[in-house]
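First up is the structure itself, then whatever we jot down about it.
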Amino acid sequence: MMTFQGSHILSVSQFDRDAIAKILTVSAQMMPYAARKKRCYVLDGAILSNLFFEPSTRTRVSFGTAFNLLGGFVRETVGEENSSLSKGESLFDTAQVISGYSDVIAMRHPKMHSVSEFAQGSTVPVINGGDGANEHPTQALLDLFTIQSEMAKFDKGLDGLNIVLMGDLKHGRTVHSLSKLLSLYHKVKITMVSPKALQMPDAVVSTLTNAGHEVIITDTMAGNLACDVIYQTRIQQERFASKGEADLYRGHFSLNRNIYRKYCRENTVIMHPLPRDSRPEANELDTDLNDLENLAIFRQAQNGVLVRMALFALTLGVEDQLSQYEKPVNWYSNK
Ligand code: NCD
């Protein structure tokens, strides 16, 4: 199995099943802290630099929250225009400087492979929070954690999973990373529903087919949604040449209660990395799905804290010391 301590987390390709099992196990150990049953200060004094050069709500805040929940401090910079990258500084130089200030770095950047380039200049572990349309490894891990915990309710696991990925599969980095992770399991059936122009890149499809999984590529929902999990995604407008071009593909696969009842199974779990585009022209997941027990989207976002806590504990080598550094929670909490 890979060594986590001191390692960068740049792509899901660096994990095998044992490494993933380790991450998911440590993630589950974080539950009492995330639920404010106990505090953990194993990272007391450590500093995370959270560098977000592209818009983010969940990923940025949950990285920071995860680090704080382990007792560490967070420094943050947001937007390329507010950093010296806009003065022409290279990613390598920025990495040399910021890694001198910190113990670990989380970073999101609009350019593919930029986080790996940055990592070459860093003396501390760098965790990829999304590099353009390439990858989003921490999202894929939290997606996997979510699939595992949602499927456990039906006595199912990751092997034999029947999943539908829907929407902008060309530009969506979350579905790229998730597909690569799923390829490590047994007998997965993956149905990819997207407009023809936004199909999953061939390299990702072949990772699945080479591993013997069944892949169905289609541009229609009818007859294709009877699955364990439906994973809806947003049209990634920022990856198109113009808003007008993205508009061409918006709203093709809006999921609402009617369509769910008609085409999904009784227990199909609905996931989405979020943000869901709720504007009427997109309406990716209608609000009429909100009171459905199988709508897992907010549990999924919550799981991001657990998985990111686990990755910090593992890369900083404290995963076996959590229970030695606990304190009671002093404030009211109804989590
Ligand atoms: C995703 C992303 O940034 O790739 N968001 C997230 O991190 N949860 C998905 C998206 O923006 O559509």
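All ligand and atom numbering here is 1-based and tracks the order in the structure.
Just one of I23, T315, L314, N128 meets the side chain to side chain contact (heavy atoms under 4.5 Å, CB included) condition when paired with I9; it is T315.
A side-chain donor from one of S62 and R308 sits under 3.5 Å from a side-chain acceptor of the other. The closest side-chain donor-acceptor pair between T59 and R108 falls under 3.5 angstrom.
Taking the ring pair (Phe, Tyr, Trp, His ring centres under 6.0 Å) definition, one finds that F63 meets it with F312, sequence neighbours left out.
L225 and L285 end up in the same hydrophobic cluster when Ile, Leu, Val, Met, Phe, Trp and Tyr side chains are linked at under 4.5 Å.
Closer than 4.0 angstrom to ligand 1 lie heavy atoms from T59, R108, H136, Q139, R173, T174, R234, Q236, P273, L274, P275.
E245 places no side-chain N or O within 3.5 Å of a backbone atom of F240 that could act as its donor or acceptor partner.
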